[in-house]
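Convention: sequence-line order gives letters A, B, ...; per-chain numbering from 1. All values below were derived from every heavy atom in this structure, side-chain atoms included, with hydrogens, water molecules and symmetry-related copies excluded.
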Amino acid sequence: MDEPRLIAAAATGDREAFSELVRLHQARLRALAALSIADRDDVLDIVQESFVDAWRGLPGFAQEREFGPWLRAICRNRVLKHLRARIPRRRRELALVDEALLEAPPADDERPEDRLAALRRCLDGLDAGHRRLLERRYHDGRAVADLAGELGKTPNAVSMILLRIKAALQRCVETAGTA
Amino acid sequence: MSDDLDRRIEAYLDGSLGAEDAVELARLVRAGGRSEISRKVAFAGLLVQSLDPTDGQAIARSVLARIDAEDSASGMVRAVQRGIAPRRRRRRTARPLRFAWLTAVAALLALGLLWWLGPSASGDGRIASIASGSARIGTADTAAGPGSALRLGDVVRFTGPATVRWKDGSEIAMDGGGITMQPPGPGRGLRLDAGALEAVIAAQPTDAPFAIATATARIEVVGTRFRLEASGVGTRCDLHDGSVRLTCVADGRSLVLRPGQSAVVADGISLVHGERAWRPLFPSGALAQWRQQHGAWSATADGIRGSSPDGGKARILSLAGYADLELACRLRITGADFAEIQVGDYNWFFEIPARRGAWTEVHLRQRGGELVCSADGVQLAAQPGAGVAARRGPLAFYIMPGGTLEIADARILTPDDP
C-alpha cells in the first residue's frame with residue numbers, strides 16, 4: 001500500500017497501516033533524535049512517544065501535507081522538551097554544556113538516516129576486536145576503567161584506541177557520503 | 001587541542017565531565033565551536049544507535065503496546081467516572097450495591113494500570129538497568145551485567161558490588177544482597193530483600209515518591225541520600241541528605257528522619273542516634289586553628305574570606321586532621337571559575353564551580369570508604385589530588401589565582417561529637 005493510503009487508513013484507526021508507517025519512518029526518527037541525545041534508551045523512548053503523538057494527531061492531519069516533515073517536527077519537539085527537562089536533574093557541570101548547546105540547536109541534518117546507514121556499513125567493515133570494544137563501551141555502557149582492566153591496558157590507552165576507531169569510522173562515513 | 005576536545009566531549013557524554021572541563025567546553029561552544037562540538041555529539045549518538053540491534057518491527061510493536069496501555073488506562077478512568085452515580089435518594093437498595101461493586105472493581109483496575117504505567121516502562125518493559133556490576137535474575141538465574149534491563153517483578157541477586165539506575169538518574173548501589181523490582185507505591189521503587197543499599201534519588205513527584213519496601217519497613221523518598229539495611233533483626237536507615245518517612249509495617253507508626261539521623265525498625269520504630277550537634281568550623285578567633293599557606297585570610301561576620309593580594313593562589317589548611325567528617329557551609333567565589341575543598345591534605349578534592357557572585361550551599365561527607373560532596377544539591381565528582389593516600393588529614397580550602405573565596409555558616413560534625 002502506498003504511503004498516502006497508509007496514512008488515510010491509519011487516520012481511521014487502522015493499526016496495521018500505522019504499524020507499517022512506523023516501520024517506514026522509525027530509522028529517520030531514531031537518527032534525528034540521536035543527533036542530540038547519546039543515550040540509547042532515551043532515543044527509543046522519544047521515538048516511541050513521537051509515534052504515539054502522531055497516532056493521536058492523525059485524525060486531524062491534513063492529507064495534502066507531507067507526512068514525513070510533520071512527523072519529524074513532532075520528534076524535534078520531543079527532543080527539545082527532553083533536553084530542557086533534563087537540565088535541572090543534571091550535575092551542574094553537564095548542565096553548563098547542555099545549556100550552551102541548547103542556545104542554538106545543531107543545523108538540521110537533511111538525511112541523518114543515511115549517515116546512520118553508512119555508519120552501520122562502516123561498522124561491518126571494522127576489525128572484529130575493534131567492533132567488540134565499541135559495543136562494550138557504547139552499547140553495554142562499560143566504563144573505560146573497567147575495559148582497561150580487562151584488556152590489561154591503561155585507561156588512557158583505551159581512550160586513545162576508542163578515539164582512533166571513531167575517527168576512522170567518521171572518515172569512512174564522510175567518504176561514503178561523497179562517493 | 002583536538003584530543004583535549006574529544007576527551008572533554010567523551011566525558012560530557014558519559015556524565016563524568018569535571019567542573020574545569022565543563023567551563024572550558026561551554027566556553028568553546030559559545031565562542032563559535034558549537035558546530036564542531038555538535039557534530040561530535042551527533043556522531044556519538046548515531047554510533048550508539050548503529051550498535052543497537054533494535055529493529056523497526058520491535059519499535060512498531062512497542063508503539064502499539066504503548067497506545068493500547070494508554071487507551072486502556074483512559075478507558076478504565078472513563079468507566080469509573082460513568083460508574084459513579086450522581087447523589088440522589090434511592091428507594092431500591094440492590095442497585096446501589098451493584099453500582100458500588102462495579103465502581104470499586106473499575107477503580108481498582110484503573111489504579112492498577114496507572115500504577116503499572118507509573119514507573120515509565122520503556123518499550124521493552126525495562127523500568128531500570130544495571131549500570132555496573134553483575135547479577136542473577138529470576139528463578140532461571142539468568143546472568144546480567146551492565147546495560148541489562150530490569151523489568152517489573154524481576155527478582156535480582158547481586159554477586160558483588162553493583163549499581164542499578166533508573167531513567168531519571170536515581171541510583172542504588174549494593175554489594176551483594178538482593179532486590180525485587182516491585183515498587184510498593186505508585187512511583188518508582190523496589191523491594192530490598194537482603195543486604196544493604198546506598199541510594200541517590202532524583203527529585204520525584206510528591207504524589208509518586210520513590211519507595212523501597214523491606215519485610216519490616218517502607219521508605220518513601222523525595223530526592224535524598226540514605227543508607228538502608230535489611231537483616232534478620234530488622235531494618236536500619238541512616239539518612240545523609242534530604243528527608244525520608246520511615247514506617248514500621250507491623251504497627252503503622254512512622255518517623256520523618258532529618259539529615260544525620262538513623263532509625264531502626266524491628267518490633268517498633270526507634271531512633272538510633274538523636275540529632276547531633278554541629279560545631280562551627282570557624283568560631284571566633286578560630287583562624288588560629290588554621291594555617292594560612294598562601295594568600296591572605298581574614299575573619300568576616302559569619303565566616304572567613306581568602307584572596308591573594310599579589311594575584312597568586314590562596315589556600316588555608318586546618319591544623320586538625322580528620323578521617324570521618326561531615327561539613328556544611330556556604331561558599332561565594334568571585335574572580336575565578338571555581339574553588340576547591342580538599343580532604344586528607346589534598347588526597348582528594350572537589351571543585352566547587354563559581355555562580356557569578358551568588359552563594360553556593362555545599363555539603364561534604366567522608367565516612368568509611370565513602371566520600372561525597374554536593375553543591376546546591378548537585379553531586380560533584382571527587383578528584384584525586386597529589387597528596388599521600390590516607391583518609392585522615394587536614395581539611396583545606398583553595399582558590400585559584402586571582403580569585404576570592406568567602407566561606408560562611410561553616411559547621412562540622414565528626415564521630416567524636418556527641
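The candidate with the highest count of non-hydrogen atom pairs below 4.5 Å against chain B, out of V43(A), I37(A), L24(A), is V43(A). Your options are G56(B), G147(B), A44(B), and the one with the most heavy-atom pairs under 4.5 Å with chain A is G56(B). Interface summary for chain A: among I37(B), I67(B), D21(B), L25(B), the most heavy-atom pairs under 4.5 angstrom belong to I67(B).
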Trace of the salt bridge (charged side-chain N to carboxylate O under 4.0 Å, His left out) decision for D45(A) with R126(B) = CA-CA 11 Å; D45(A) 277 348; R126(B) 170 194 305 249; over 6 Å; no

After noting the C-alpha distance and the side-chain angles of R39(B) and Q170(A), does the key distance pass the side-chain contact (heavy atoms from CB on, under 4.5 Å) rule?
-> CA-CA 11 Å; R39(B) 211 165 30 83; Q170(A) 200 143 13; 3.7 Å; yes

What's the verdict on side-chain contact (heavy atoms from CB on, under 4.5 Å) for L51(B) and R40(A), showing C-alpha distance, side-chain angles and the deciding distance?
-> CA-CA 10 Å; L51(B) 293 166; R40(A) 168 195 165 264; over 6 Å; no

Apply side-chain contact (heavy atoms from CB on, under 4.5 Å) to L47(B) and K166(A), showing your working.
-> CA-CA 9 Å; L47(B) 179 59; K166(A) 289 200 298 183; 3.7 Å; yes

Does the salt bridge (charged side-chain N to carboxylate O under 4.0 Å, His left out) test come out yes or no for D55(B) and R23(A), once each step is laid out?
-> CA-CA 9 Å; D55(B) 63 12; R23(A) 282 190 288 269; over 6 Å; no

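Heavy-atom neighbours of E150(A) CD from other residues, nucleotides or ligands within 6.0 Å: above the threshold of 12. Other residues, nucleotides and ligands contribute over 12 non-hydrogen atoms within 6.0 Å of the NE2 atom of H139(A).
Of the charged side-chain nitrogens involved, none lies within less than 4.0 Å of a carboxylate oxygen, so that R164(A) and D6(B) do not count as a salt-bridged pair.
For R137(A), the part sitting under 4.5 Å from any heavy atom of chain B is the side chain, from C-beta outward, and nothing else. Interface remark: L134(A) contributes backbone and side-chain atoms alike to the contact with chain B (heavy atom separation under 4.5 Å). In this structure, the portions of A31(A) lying under 4.5 Å from any heavy atom of chain B include both its backbone and its side chain. The contact between S129(B) and chain A is made entirely by side chain atoms (from C-beta outward), counting heavy-atom distances below 4.5 Å.
Between atom CG of residue D52(B) and atom CG of residue L44(A) there is a gap of 5.5 Å, rounded to the nearest 0.5 Å. Taken to the nearest 0.5 Å, the CG atom of D146(A) stands 7.5 Å off from the OG atom of S132(B). Taking CZ of R61(B) as the reference point, atom OG of S19(A) lies at 9.0 Å (rounded to 0.5 Å). The distance from atom CD of Q49(B) to atom CG of L32(A), rounded to the nearest 0.5 Å, is 11.5 Å. Atoms NZ and CG, on K167(B) and D42(A) in that order, are 6.0 Å from each other to the nearest 0.5 Å. To the nearest 0.5 Å, the span separating CG on L169(A) from CG on L46(B) amounts to 11.5 Å.
Nearest heavy atoms, Y138(A) versus E10(B): OH-OE2, 2.6 Å. Contact record, S50(B) with L123(A): OG-CD1, 3.1 Å, taken as the closest heavy-atom pair.
In this structure, the side-chain contact (heavy atoms from CB on, under 4.5 Å) partners of E340(B), at least two apart in sequence or on a different chain, are F338(B), Q342(B), Y346(B), F349(B), E351(B), Y398(B).
The shortest distance between side-chain heavy atoms of R30(A) and I59(B) falls below 4.5 Å.
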With a 3.5 Å cut-off and sequence neighbours excluded, list the donor-acceptor pairs that the side chains of residues 52-60 of chain A form with protein atoms.
unit_1, atom_1, unit_2, atom_2, d
D53(A), OD1, R78(A), NH2, 3.1
D53(A), OD2, R78(A), NE, 2.8
D53(A), OD2, R78(A), NH2, 3.2
R56(A), NH1, D71(B), OD1, 3.1
R56(A), NH2, E70(B), OE1, 3.1
R56(A), NH2, D71(B), OD1, 3.2

